[in-house]
Enquirer: 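I'd like to ask some things about the structure below.
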Amino acid sequence: MNTITDFLDLEDSNVIITELKTVGKTKEILVETPAEIHFCPICNCKMYSRGIKTRHINHPILRDGYQVIIVLKQRRWRCTNSACNYEANESFKFVDKNKRNSNATDFLIINELKDLSNTVSSVAEKFFMSDTAVIETFYKYVKMERLPLSEIISVDEVHLELDEHCKYALVIQDFFTGDPIDLVKSRRSDITLPYFTSIPKEERYAVKYLVSDMYNPYLNYVNQYFLNAVAVVDSFHVIQHLNRYIDSYIKQLTKRYRKRDKDNYLKKHPDCDDFSVIPMSEEVYILKKYKWLVLKNQDSIEYYSDFHIDKRLNALMNTYDYEYRLFRIDPKLKDFRDLKEKYIRFNSRNAGNPMQARLELDELIHIYLKSEHEIFNKFANTLIRNYEYILNSFVMVEKHGPGKLYDSRLSNGPIESLNRKIKDLRRLGRGYRNFEHFRTRFLFSTRKNNTINGKEK
């Protein structure tokens with residue numbers, strides 16, 4: 001019995017277990033305290049017991065699918081001094097007055113909600129509680145304030161669409177720690193203006209770099225709110241911008257071949273009304289399945305020379321063969337790939353050397369402006385519009401890693417992982433409607449150090 005008492009971790013050293021029984025999937029443990037003399041805290045006279053009240057306390061200490069119920073025998077005491085008549089119920093450390101769950105339950109719930117994959121409903125089911133009770137417990141202990149701004153902050157939007165006023169939320173991240181500073185309900189100026197202006201100027205003016213994509217309102221934040229900072233356009237988003245141009249061209253090319261296939265099929269089968277039966281041509285197959293040979297960084301592609309049978313093409317193929325057939329469909333695709341790779345290699349080669357990057361970027365802009373391909377003419381103009389912001393991304397700063405210091409390029413890469421967690425939370429939650437609840441769950445789950453009632457967890 002002593003071992004069981006220790007296992008239950010009831011905090012009260014004088015409790016004893018008088019009976020154990022299992023009913024279905026419920027384990028009931030009868031608990032009481034030994035009879036002892038009690039004295040009135042008011043007049044110091046002896047007290048007598050008026051009887052025992054039975055309380056059923058949910059104590060979710062097990063993880064084997066069983067519910068643990070502590071059947072608590074609680075004495076009610078009255079002072080023998082008729083002039084005093086003080087009354088009190090026996091108290092226990094492991095459960096508060098008028099509560100049906102032990103105090104351990106609260107912290108087990110908080111711990112479960114630290115995991116983004118756990119929903120309120122799943123936690124409520126696990127601890128035999130209602131959804132409302134779980135939410136109330138969570139907010140009893142957890143309150144997420146905005147973290148202080150650091151010298152380098154990253155901003156990005158994430159698609160939430162929780163309601164008409166919350167379509168794209170704004171994520172603000174500490175570049176050094178990776179912690180989310182805050183999640184703002186919307187990126188719209190009517191929300192961000194009062195939000196940022198409410199932050200003390202001293203804190204805002206201490207920011208040195210603001211890292212973002214090429215969204216103009218973000219770039220303008222430095223002139224509006226962070227007057228001592230410079231804007232940095234993340235290199236990933238520049239390359240992503242170029243790849244969107246190329247991908248759009250490939251999609252249009254695929255549509256043209258699909259239309260050709262449809263027209264040719266209808267000439268032979270004019271009565272066809274089910275277009276799903278139209279066979280996929282080699283061109284459409286290659287463009288759909290192997291466009292990554294153009295879009296992916298060439299240095300990241302593993303070229304396999306070993307052959308395998310492609311049943312769709314009825315041929316022995318390797319990576320070089322697929323690339324050859326892709327470029328044979330439209331020779332422009334090879335030009336696109338080669339011109340894109342110029343920027344990829346320029347971007348990798350000059351990390352930490354913004355002066356050299358400036359010289360090479362001028363050369364690239366000249367090459368792209370003179371290109372016969374409209375895609376790269378447009379991309380050159382994008383580079384010109386964001387010229388200084390892009391060059392700022394080649395700056396390296398010192399960061400603290402696990403037990404060491406290291407140089408890191410200014411980048412929005414870390415914030416992309418936060419965005420994925422936000423999307424996971426939204427998907428797993430199956431329909432959040434309350435932004436503040438969503439924000440609190442996200443910040444609590446993703447910050448490295450949080451506080452619960454002022455105590456670090």
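Residue numbers count from 1 along this sequence. Remember, it's a predicted structure, so these values are computed and weren't measured experimentally.
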Enquirer: Are the side chains of F175 and I153 in contact, using a 4.5 Å heavy-atom criterion?
Expert: no

Enquirer: When rounded to the nearest 0.5 angstrom, what is the spacing between SG in C272 and CD1 in I278?
Expert: 5.5 Å

Enquirer: Is there a salt bridge (Lys or Arg N to Asp or Glu O under 4.0 Å) between D338 and K342 once you walk through the steps?
Expert: CA-CA 7 Å; D338 294 343; K342 286 182 180 292; over 6 Å; no

Enquirer: For H159, look at atom NE2 and say whether over 12 heavy atoms of other residues, nucleotides or ligands are found less than 6.0 Å away.
Expert: yes

Enquirer: Minimum heavy-atom separation for M129 to T105, with atom names?
Expert: SD-CG2, 3.9 Å

Enquirer: Once side chain to side chain contact (heavy atoms under 4.5 Å, CB included) is applied, do any residues pair with L295, and if so which ones, sequence neighbours excluded?
Expert: N243, I246, D247, K291

Enquirer: Distance from I329 atom CD1 to I286 atom CD1, nearest 0.5 Å?
Expert: 6.0 Å

Enquirer: Parallel, tilted or perpendicular: which one describes the rings of H437 and Y139, with boundaries at 30° and 60°?
Expert: tilted

Enquirer: For T197 and Y225, work out which heavy atoms get closest and say how close.
Expert: CG2-CE2, 4.1 Å

Enquirer: Is N297 reaching over with its side chain to a backbone N or O of S300, donor-acceptor style, under 3.5 angstrom?
Expert: no

Enquirer: Mind jotting down which residue pairs meet the side-chain hydrogen bond (donor to acceptor under 3.5 Å, both in side chains) criterion with at least one end in residues 202-217? Sequence neighbours excluded, please.
Expert: R146-E203

Enquirer: Picking from F307, Y304, Y290, what satisfies ring pair (Phe, Tyr, Trp, His ring centres under 6.0 Å) with Y322?
Expert: Y290

Enquirer: At what distance, to the nearest 0.5 angstrom, does CD of Q224 lie from OH of Y221?
Expert: 7.5 Å

Enquirer: What is the minimum heavy-atom distance between M396 and G352, and which atoms define it?
Expert: CG-CA, 3.1 Å

Enquirer: Can you check whether K255 reaches K251 side chain to side chain, under 4.5 Å on heavy atoms?
Expert: no

Enquirer: Would D179 and K448 pass as an ion pair if we require N to O under 4.0 Å?
Expert: yes

Enquirer: Where do E145 and R439 come nearest, in terms of heavy atoms and distance?
Expert: C-NH2, 4.0 Å

Enquirer: Hey, could you give me each pair passing side-chain hydrogen bond (donor to acceptor under 3.5 Å, both in side chains) that has a residue in residues 385-395? Not counting sequence neighbours.
Expert: R358-E388, D362-Y387, T382-R385, S393-R409

Enquirer: Checking side chain to side chain donor-acceptor pair (under 3.5 Å) between R328 and each of E283, E282, E323, which is the one that passes?
Expert: E282

Enquirer: Under 6.0 Å between ring centres: does that hold for Y343 and Y368?
Expert: no

Enquirer: Could you give the distance from CD1 (I70) to NE2 (H56), rounded to the nearest 0.5 Å?
Expert: 11.5 Å

Enquirer: For I309, is the CD1 atom crowded, meaning more than 12 foreign heavy atoms sit under 6.0 Å from it?
Expert: no

Enquirer: How long is the gap from CD on Q240 to CG on D234, to the nearest 0.5 Å?
Expert: 9.0 Å

Enquirer: Within the distance-only criterion (no hydrogens, no angle test), does the side chain of S248 pair as donor or acceptor with the backbone N or O of R244 below 3.5 angstrom?
Expert: no

Enquirer: Taking the side chain as everything from C-beta on, heavy atoms only, tell me whether M355 gets closer than 4.5 Å to F394.
Expert: no

Enquirer: To check you understand the geometry: which heavy-atom pair defines the closest contact between S371 and L339, and what is its length?
Expert: OG-CD1, 3.9 Å

Enquirer: Just jot down the ring pair (Phe, Tyr, Trp, His ring centres under 6.0 Å) partners of Y285, sequence neighbours excluded, or say none.
Expert: none

Enquirer: Can you confirm whether or not the ring centre of F336 sits under 6.0 Å from the ring centre of Y245?
Expert: no

Enquirer: Are any non-hydrogen side-chain atoms of D263 and K259 less than 4.5 angstrom apart?
Expert: yes

Enquirer: Taking atom OH of Y324 as the centre, report whether more than 12 heavy atoms of other residues, nucleotides or ligands fall under 6.0 Å from it.
Expert: no

Enquirer: Sub-3.5 Å donor-acceptor pair from the side chain of K340 to the main-chain atoms of K296, do we have one?
Expert: yes

Enquirer: Keeping the roles fixed (side chain from S445, backbone from L113), state whether a donor-acceptor pair exists under 3.5 Å.
Expert: yes

Enquirer: Quick one: are R187 and V155 in side-chain contact, heavy atoms under 4.5 Å?
Expert: no

Enquirer: Counting distance only, does the side-chain N/O of E28 pair as donor-acceptor with the main-chain N or O of I69 below 3.5 Å?
Expert: no

Enquirer: For the backbone of N377 and the side chain of N381, can you confirm whether one donor and one acceptor N or O come within less than 3.5 Å of each other?
Expert: yes

Enquirer: Using atom types as modelled and distance alone, determine if a side-chain donor or acceptor of R426 lies under 3.5 Å from a backbone N or O of L160.
Expert: yes

Enquirer: Using a 3.5 Å distance criterion without hydrogens, assess whether the side chain of D330 forms a donor-acceptor pair with backbone atoms of K332.
Expert: yes

Enquirer: Is the backbone of F444 close enough, under 3.5 Å, to the side chain of K114 for a donor and an acceptor to pair up by distance?
Expert: yes

Enquirer: Could you list the residues that satisfy salt bridge (Lys or Arg N to Asp or Glu O under 4.0 Å) with R188, not counting sequence neighbours?
Expert: D190

Enquirer: Compare all side-chain heavy atoms of N347 with those of V238 and state whether any distance is below 4.5 angstrom.
Expert: no

Enquirer: Could you tell me whether D424 and K421 make a salt bridge, using a distance below 4.0 angstrom between a side-chain N and a carboxylate O?
Expert: no

Enquirer: Between the side chain of T446 and the main-chain N/O of F442, is any donor-acceptor distance below 3.5 Å?
Expert: yes

Enquirer: Using side-chain contact (heavy atoms from CB on, under 4.5 Å), reason through V232 and V395 one step at a time and then give a plain yes or no.
Expert: CA-CA 9 Å; V232 178; V395 171; over 6 Å; no

Enquirer: Run the side-chain contact (heavy atoms from CB on, under 4.5 Å) check on D182 and L443 step by step: do they pass?
Expert: CA-CA 7 Å; D182 209 349; L443 295 179; 3.9 Å; yes

Enquirer: For the atom pair CD (Q173) and OG (S417), what is the distance rounded to the nearest 0.5 Å?
Expert: 6.5 Å

Enquirer: Quick one, I109 with Y141, criterion side-chain contact (heavy atoms from CB on, under 4.5 Å). Give me CA distance, side-chain angles, the key distance, then yes/no.
Expert: CA-CA 11 Å; I109 288 171; Y141 297 96; over 6 Å; no

Enquirer: Suppose we screen for side chain to side chain contact (heavy atoms under 4.5 Å, CB included). Which residues come up paired with V222, at least two apart in sequence or across chains?
Expert: L210, A229, A231

Enquirer: A169 and F435: which non-hydrogen atoms are nearest, and at how many Å?
Expert: CB-CE1, 4.5 Å

Enquirer: side-chain contact (heavy atoms from CB on, under 4.5 Å) between D335 and F376: does it pass, once the steps are laid out?
Expert: CA-CA 10 Å; D335 292 344; F376 286 89; over 6 Å; no

Enquirer: A side-chain contact here means heavy atoms from C-beta on lying under 4.5 Å apart; do L428 and S117 qualify?
Expert: yes

Enquirer: Looking at side-chain heavy atoms only, is the closest gap between L293 and F327 below 4.5 Å?
Expert: no

Enquirer: Around atom CG of D274, are there more than 12 heavy atoms of other residues, nucleotides or ligands at under 6.0 Å?
Expert: yes

Enquirer: Do N412 and H237 pair up side chain to side chain, a donor and an acceptor below 3.5 Å, judged on atom types alone?
Expert: no

